[in-house]
Structure formats: C-alpha cells, structure tokens
Trainee: 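Mind looking over this structure? Questions follow.
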Amino acid sequence: MPVLVLNSSLQPLSVIPERRLIVLLSKQKVTFVDESVRSLIEESIEARRLELERPVIVQLLANIRVPRVALQPSRANILLRDDETCQYCGKRSRDLTLDHIIPRSRGGTSTWENLVASCKYCNGKKGNRLLKEVNMRLLRPPRPLSQEYAGFFLLRYPKLREAYEEFILSAHGGSTRVLSA
Ligand SMILES: [Zn+2]
C-alpha cells in the first residue's frame, strides 16, 4: 500500500512507497495524521515486515514550497482527466482514442481544451468534422488539469484519495473539537 504525503499545510504532495516512509520517519520529517496508526507501523518496522493494509497518510512537519508545474495534455493525462470515459457517449473503456474537438485539419491544436477521450466509434463517427456538423456534444467542457486539481496524482490511487477526502472532512468538521482540546 503506498503512502500519501501531505505538506504541513495539508496539501497533497506525493505518494511514496513504504520503504520511503521508513526513511522519512527515521529522519523525523513526518507525523501521522491518524496517531492510532503510529504504533502499528512502528511495530511492523521493528519486525521488519511493513505491510500496510489500509491507506496511510503522513504530514510533513515543515512546509515545503511547491513550484507550480504545468501538466502537459499527454494521452495519459487526458485519459486520467476524463476518467477513461468517452466524452461523447459516456462509455468507459480501456481502448480509447484521443479526439481533437476541432480537428487538426481545421486548425485545432493539441491543448487541454481541444482534446478529449473518445471511443473509436464516436471518433470515427465524428471524423474530421466539427461537433455541430455531426450533431454531437460533449459530456462536459474539457478543462486543463492543474496540480491543485484535488491532488491530481491522487486520481491514480482511489483508496488514498478516499482516505484523504475523509481526513480533510473530519479535519474541517472537527475544527471546534480541535480548538477546544
Ligand atoms: Zn463514444
């Protein structure tokens, strides 16, 4: 099970393998967001068999500055943004193509706003035409993925993402409790 690392501001930073967690712990760089996990993990590290069965989230003790990275509209990133779903008919598939909404032959560029995941059927149906010419529409307007986009990389780790969302909810919902403690 990979480990989610948050900045001390609670912004998701990266997902690391368990081995890396041991290093961060030994250097006292991180703390657990759920203290009840600590002893469990410390014991298993001692026993030299760290096998995490549930999502683990740690938080850096010191905030680090994160440069903003412009993500490229690569095939993998577009498929991730579009949840591996054809943006015309809504079919989920592992066998999707990328479609230029405004075809390249008509001046369309390879940008976040002009690329969507498309099944082969829809792509073939649309061909080199504009949406209005073939009476097709998009499920949603395509937007760029920014790094802030709910921790972009978390999309690849549904379990960690779920755990993170739960943690953020309880962190906000429990703020009065934290303050009065
Ligand atoms: Zn389709």
Side-chain angles (χ1 to χ4, degrees), residues 1-7 9-21 33-34 51-59 64 66-173:
M1 172 67 75
V3 177
L4 173 61
V5 180
L6 307 181
N7 215 339
S9 62
L10 300 185
Q11 180 198 17
L13 280 182
S14 60
V15 175
I16 56 169
E18 292 165 9
R19 271 170 292 118
R20 177 91 187 117
L21 171 65
V33 301
D34 178 358
E51 280 171 31
L52 307 176
E53 276 167 16
R54 54 174 160 159
V56 171
I57 304 177
V58 294
Q59 180 183 1
I64 59 166
V66 187
R68 281 187 66 147
V69 178
L71 292 165
Q72 295 305 309
S74 64
R75 179 187 157 79
N77 284 345
I78 295 283
L79 292 182
L80 198 60
R81 179 197 65 187
D82 292 345
D83 198 21
E84 297 190 21
T85 302
C86 172
Q87 293 301 295
Y88 297 115
C89 70
K91 191 176 122 185
R92 277 199 79 141
S93 164
R94 296 206 147 260
D95 193 22
L96 292 170
T97 60
L98 287 196
D99 180 56
H100 286 77
I101 302 168
I102 299 170
R104 265 183 294 196
S105 60
R106 300 173 73 163
T109 50
S110 298
T111 57
W112 283 105
E113 292 83 357
N114 196 47
L115 283 170
V116 286
S118 167
C119 72
K120 286 182 178 158
Y121 174 78
C122 292
N123 205 337
K125 185 170 144 195
K126 180 165 166 286
N128 282 326
R129 288 172 293 178
L130 301 174
L131 289 178
K132 58 181 182 203
E133 294 171 354
V134 280
N135 204 19
M136 287 169 72
R137 61 181 65 194
L138 289 160
L139 296 180
R140 56 183 179 184
R143 298 206 172 86
L145 273 185
S146 72
Q147 209 181 28
E148 283 70 20
Y149 185 72
F152 160 75
F153 54 86
L154 272 181
L155 295 174
R156 292 180 205 272
Y157 303 93
K159 275 190 178 168
L160 278 178
R161 186 181 167 196
E162 207 174 285
Y164 173 68
E165 282 168 359
E166 257 172 45
F167 162 68
I168 287 297
L169 266 181
S170 69
H172 288 299

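Index from 1, following the sequence. Every number for a ligand or one of its atoms is a count from 1 in the order of the listing.
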Trainee: Identify which one of Ser110, Ser105, Ser118 satisfies the side chain to side chain donor-acceptor pair (under 3.5 Å) criterion when paired with His100.
Mentor: Ser110
Trainee: Should we count CZ of Arg92 as having more than 12 external heavy atoms under 6.0 Å?
Mentor: yes
Trainee: Under 2.8 Å from the Zn ion (ligand 1), which protein N/O/S atoms are there?
Mentor: Cys86 SG, Cys89 SG, Cys119 SG, Cys122 SG
Trainee: Find the distance between CG (Asp83) and CG (Leu139) and round it off to the nearest 0.5 Å.
Mentor: 11.0 Å
Trainee: Under 3.5 Å, side chain of Glu165 to main-chain N/O of Ala163, donor-acceptor pair present?
Mentor: no
Trainee: Asp82 side chain to Ala117 main-chain N or O, any donor-acceptor pair under 3.5 Å?
Mentor: yes
Trainee: Nearest 0.5 angstrom please: Leu96 CG to Leu79 CG, how far?
Mentor: 6.0 Å
